[in-house]
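The structure appears right after this line, and notes come after that.
Residue numbers start from 1 in every chain, and the chains themselves are labelled A, B, ... in the order their sequence lines are given, proteins ahead of strands. Heavy atoms only: backbone and side chains are in, while hydrogens, waters and symmetry mates are out.
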Amino acid sequence: MADITVSLPDGSERTLPQGATGADLAASIGKRLARDAVVVEVDGAPRDLSAPLHDGDRVRIITVQDPASAEHLRHSTAHVLAQAVLELWPGATFAGGPPIEHGFYYDFELPDGGTFTEDDLERIDAKMREIIAADQPFERFELPLDDARELMADHPYKRAFMDLAASGDDADGEVSGDGVISFYRNTPTFVDMCLGPHVASTGGLGNFRLTRHGGAYFRGSERNPMLQRIYAVAFPTAAELEEHLRVQAEAELRDHRRLGVELDLFSFPEEIGSGLAVFHPRGGIVRRLMEDYSRRRHEEAGYEFVYSPHITKADLFETSGHLQWFADGMFPPMQVDVPDGADDGAAGTTYYLKPMNCPFHILIFRSRMRSYRDLPLRLFEFGTVYRYEKSGVVHGLTRVRGMTQDDAHIFTTEEQMPDELAGTLTFVLDLLRDYGLDDFHLELSTRPPEKAVGTEAEWERATEALRGAAEGMGLALVLDEGGGAFYGPKISVQARDAIGRTWQMSTIQVDFQLPQRFDLTYVGPDGERHRPIMIHRALFGSVERFFGVLVEHYAGAFPAWLAPEQVRVLPVADTHLDYALEVAAQLRGGGFRVDVAPADETLGNRIRRAKGDKLPYVLVVGDDDVAHRTVGVNPRGGEVERDVPLGSFAERLHGDVESKR
RNA sequence: GCCCGAGUAGCUCAGUUGGCCAGAGCAGCUGUCUUGUAAACAGCAGGUCGUCGGUUCGAGUCCGACCUCGGGCUCCA
């Protein structure tokens, strides 16, 4: 029988006997490679180690050291989860269980509408580890559709995936559409439908942890039944799993909801209502500083400031299209000016809380005749809007029902638009950097197929203009098909924070629609009327969300320019109080935010409290300092320095503020 | 909105199968202590146990509805 020859990524070739598998190949190269091999890629396509190789195959062996192995290990561990659940809950059925970032999930339906509990996760985990200890093989086999349906007779969701694939749907990648269904058998009783590949056996798995459980609609649609999903994190190595869990624990400590209470920044009094925040004095300082700086920069960039009310007659949102397209996101209407004695609900005038600021800015544009000389006209407002968010989605400051947008609408000619978009994007990124975020990527959201006004051609032009601006930035650009607003496509800026999480921040949207709906015009150099184009843009997105992101990014330890309290002066004993007050007064005179903590408590305890409040600087003053007009400087995250002249400390603080460190 | 879980003092939590006057630490207040870099000591005060209704001789504890929060789905700045 003829041998086969395969090539490896380094260009070398190896000759193996006919019928040799990826595992054989690995074994022929080295013991360690054989042990660490997870799957192989043949001509770029992942395959089981047990699959026979063919003459001329280009083969890459993926080991646990290769990041590409994670997906396969996760996928295989998901099967172990399914096996454990099906063994523990006789009569349970399962749907899909794909690998995801950091881990995997699997969807189940338990008998009699059962649900999982926290304790169940422990039982399942224990069962999974038994399966792994048993080192069960993953054995692949294939069946024609009819036989496959019969094999999965007790599992309607698996059959649903087969039917979807048969009708040309992608079936969430669970099955192929070629009429042959592949399965993996672990034990005589456990078989899962799967495209594969899988690890050779369960023994190599184990670096996982079950994390959460919750409801999830089948295939993500509200119209489908709700299944019970279990999430897990999983990594090729134990060290990676540990690191991930460490970062998670860190993220929990940074949670802005927790820090908001601890640092006395803001709260959500139950009496006010879900998703409605109040900012306390310390949070108020931070917010005001954020806003003040933003105002200054916007002024310098040619924006003009406007103000508009929070509520308006329904007609305005009829004209804008919001009542047609965005009504679900709006608070219910209120009837006002109802005539005495009228019991007809339709009598009077209908008002709405505003969910967006654009119509108001449009009315400002339209308040008089505009010339091309006025354009681009950039109207800016910290506009507070109200959105009726579904009860299950409200979340801290990042998803609220009342928020303030740093909202601007730019009215331009069509010719000006590309430059204006590029300028806006540059401005936005620059400003975000000043707030300490500097790792970005961009996302381009296109026409939502079922929910869009305007013609395809208009959408196309707007989308291309945005794409051009985005591509000019030299940042990664991700396509978000169908994710645009009803009136136009958008670019959103995604920022990565200090511990690597990405947040959607700024959005820039092109809008041909509202200028038409409101019949906006300007007079061009030719004396004729022309239609302007609108650009909607928000940089913080919402001030509340941005505030929450900054709290998490800085873990509550705001840089000096934003810190609510920059310095706290601690006299060692009462005899140093007058000097401490003098130091504080002098620093305040320099424009700094300073408090004094008198010697009612031990110095150690006052230091501890100040550190807990995450101040940039704690100053300790005692006999030596009174005598020499110095201070002891205890900086956040640094070493204590004694006998620092007050003047040089003030300069240092000034430098921190100026450099926004 | 849907699935699950939770709501006890400002915060973090105890409170056994329904049964004496609902507890602790931190925070707060009052004293004493007068401190050189991450917790001095003592005392005081603080709760209609989320709200409303029900079961019961008796409810923080059991049941229902609503409100709020947390985790997930869907949605989103």
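When rounded to the nearest whole Å, the span between NE2 of A/His628 and P of B/G36 equals 19 Å. For the pair A/Asp255 CG and B/G71 C1', the interatomic distance rounds to 12 Å; values are reported in whole Å. Nucleotide B/G71 holds its C1' atom 13 Å from the CE atom of A/Met226, rounded to whole Å. The separation between A/Arg219 atom CZ and B/G72 atom P is 23 Å, rounded to whole Å. Here the C1' atom of nucleotide B/A77 and the CG atom of A/Leu276 are 15 Å apart, to the nearest Å. Rounded to whole Å, atom P of B/C4 lies 17 Å from atom OH of A/Tyr231. We find that CE of A/Met505 is positioned 13 Å from C1' of B/C76, with the value rounded to whole Å. Remark: P of B/A77 and CG of A/Leu550 are 19 Å apart, rounded to the nearest angstrom.
When the nucleotides B/U34, B/A77, B/G36 are ranked by their closest atom to the side chain of A/Val572, B/G36 comes out on top. Relative to the side chain of A/Val394, the nucleotides B/C3, B/C69, B/C73 differ in distance, and B/C69 lies closest. Nearest nucleotide to the side chain of A/Arg229, out of B/G36, B/C73, B/U74: B/C73. Distances were taken from every side-chain heavy atom of A/His395 (C-beta onward) to each of B/U37, B/G71, B/C76; the shortest belongs to B/G71. The side chain of A/Arg387 approaches B/A77 more closely than any other nucleotide in the set B/C73, B/U74, B/A77. Taking the side chain of A/Val393 as heavy atoms from C-beta on, and the options B/A77, B/U34, B/U74, the nearest nucleotide is B/U74.
Between A/Glu552 and the options A/His256, A/Arg254, A/Arg257, a side chain to side chain donor-acceptor pair (under 3.5 Å) holds for only A/His256.
Heavy atoms of A/Gly541 sit under 4.0 angstrom from primed sugar atoms or phosphate atoms, though from no base atom. At a threshold of 4.0 angstrom between heavy atoms, the contacts of A/Arg545 include nucleobase atoms, whether or not backbone atoms are also involved. Note on A/Thr115: only backbone sugar-phosphate atoms sit closer than 4.0 angstrom, heavy atoms only; bases stay farther off. When heavy atoms are screened at a 4.0 angstrom cut-off, A/Gly604 is found touching the sugar-phosphate backbone but no base atom. Looking at heavy-atom distances under 4.0 Å, A/Asp574 makes contact with a base. Heavy atoms of A/Asp328 sit nowhere under 4.0 angstrom from any nucleic acid atom. Nucleic acid contact class of A/Val385 (heavy atoms, under 4.0 Å, all strands): none. Nucleic acid contact class of A/Arg609 (heavy atoms, under 4.0 Å, all strands): sugar-phosphate only. Using a 4.0 Å heavy-atom distance criterion, A/Gly632 is classed as a base contact. Within the 4.0 angstrom heavy-atom criterion, base atoms lie near A/Arg642. Backbone-only engagement by A/Gly275 is indicated by non-hydrogen atom pairs under 4.0 Å involving sugar-phosphate atoms exclusively. Residue contacts shown for A/Glu601 include a base, since a base heavy atom lies under 4.0 Å away. Contact annotation for A/Ala573: base contact, defined as any heavy-atom pair under 4.0 Å involving a base atom.
Both A/Val626 and A/Glu270 lie close to RNA chain B; mapped to their nearest nucleotides by heavy-atom distance, the more 5′-ward contact belongs to A/Val626. Comparing A/Phe540 and A/Pro571 by the nucleotide of RNA chain B that holds the closest heavy atom to each, the one mapping nearer the 5' end is A/Pro571.
Nucleotides B/C57 and B/C49, compared at atom C1', are 22 Å apart to the nearest Å. The gap from the C1' atom of B/A24 to that of B/U8 amounts to 13 Å, rounded to the nearest Å. On the P atoms, B/A27 is 11 Å away from B/C41, given to the nearest whole Å. Here the separation of B/U51 from B/U61, taken at their P atoms, is 11 Å to the nearest Å. B/G46 and B/A38 have their P atoms separated by 36 Å, given to the nearest Å. Separation of the C1' atoms belonging to B/C75 and B/G19 is 49 Å when rounded to the nearest angstrom. Comparing the C1' positions of B/C26 and B/U34 gives an interatomic distance of 24 Å, to the nearest angstrom. For B/C11 and B/U48, the P atoms lie 13 Å apart once the distance is rounded to whole Å.
Looking only at side-chain heavy atoms (C-beta outward), A/Thr404 and A/Phe540 stay at 4.5 Å or farther from each other.
Enclosure of atom NE2 in A/His310 by more than 12 non-hydrogen atoms of other residues, nucleotides or ligands within 6.0 angstrom is indicated.
Judged by distance alone, the side chains of A/Gln228 and A/His213 never bring a donor and an acceptor atom under 3.5 Å apart. Between A/Tyr617 and A/Arg568, the side chains place no donor N or O within less than 3.5 Å of an acceptor N or O (distance only, hydrogens not considered). Between A/His576 and A/Asp625, the side chains place no donor N or O within less than 3.5 Å of an acceptor N or O (distance only, hydrogens not considered).
For A/Tyr388, no side-chain nitrogen or oxygen approaches OP1 or OP2 of B/C75 to under 4.0 Å. For A/Ser542 and B/A77, the shortest distance from a side-chain N or O to OP1 or OP2 is not below 4.0 Å. A close approach under 4.0 Å does occur between a side-chain nitrogen or oxygen of A/Ser274 and OP1 or OP2 of B/C69. Listed pair A/Arg212 / B/G72 meets the phosphate criterion, a side-chain N or O lying under 4.0 Å from OP1 or OP2. OP1 and OP2 of B/A39 both lie 4.0 Å or more from every side-chain N or O belonging to A/Lys611. Side-chain N/O atoms of A/Arg257 include one lying less than 4.0 angstrom from OP1 or OP2 on B/G71.
Between A/Phe331 and A/Tyr352, the gap from one ring centroid to the other reaches at least 6.0 Å. For A/Phe558 and A/Tyr435, the ring centers sit 6.0 Å or farther from each other. Annotation: A/Tyr106 is in aromatic contact with A/Phe108 [ring centroid separation under 6.0 Å]. The aromatic ring centroids of A/Phe380 and A/His298 lie less than 6.0 Å from each other.
If you check B/U34 for Watson-Crick or wobble pairing at under 3.5 angstrom, you find it has no partner at all. Across all strands shown, B/C52 pairs with B/G64; the Watson-Crick or G-U wobble distances both stay below 3.5 Å. Pairing for B/G70 goes to B/C4, judged as Watson-Crick or G-U wobble with the two contacts each under 3.5 Å. Checking B/G43 for Watson-Crick or G-U wobble geometry (two distances, each under 3.5 Å) identifies B/C29 as its partner. Pair assignment for B/A24 gives B/U12, based on Watson-Crick or G-U wobble hydrogen-bonding distances that are each under 3.5 Å.
Contact of A/Tyr217 with B/G1 (side chain to base): a donor-acceptor pair of N or O atoms is detected under 3.5 Å. One N or O donor and one acceptor, one from the side chain of A/Glu389 and one from the base of B/A77, sit under 3.5 Å apart. Contact annotation: side chain of A/Asp623 to base of B/G36, donor-acceptor pair absent below 3.5 Å. One N or O donor and one acceptor, one from the side chain of A/Arg399 and one from the base of B/C75, sit under 3.5 Å apart.
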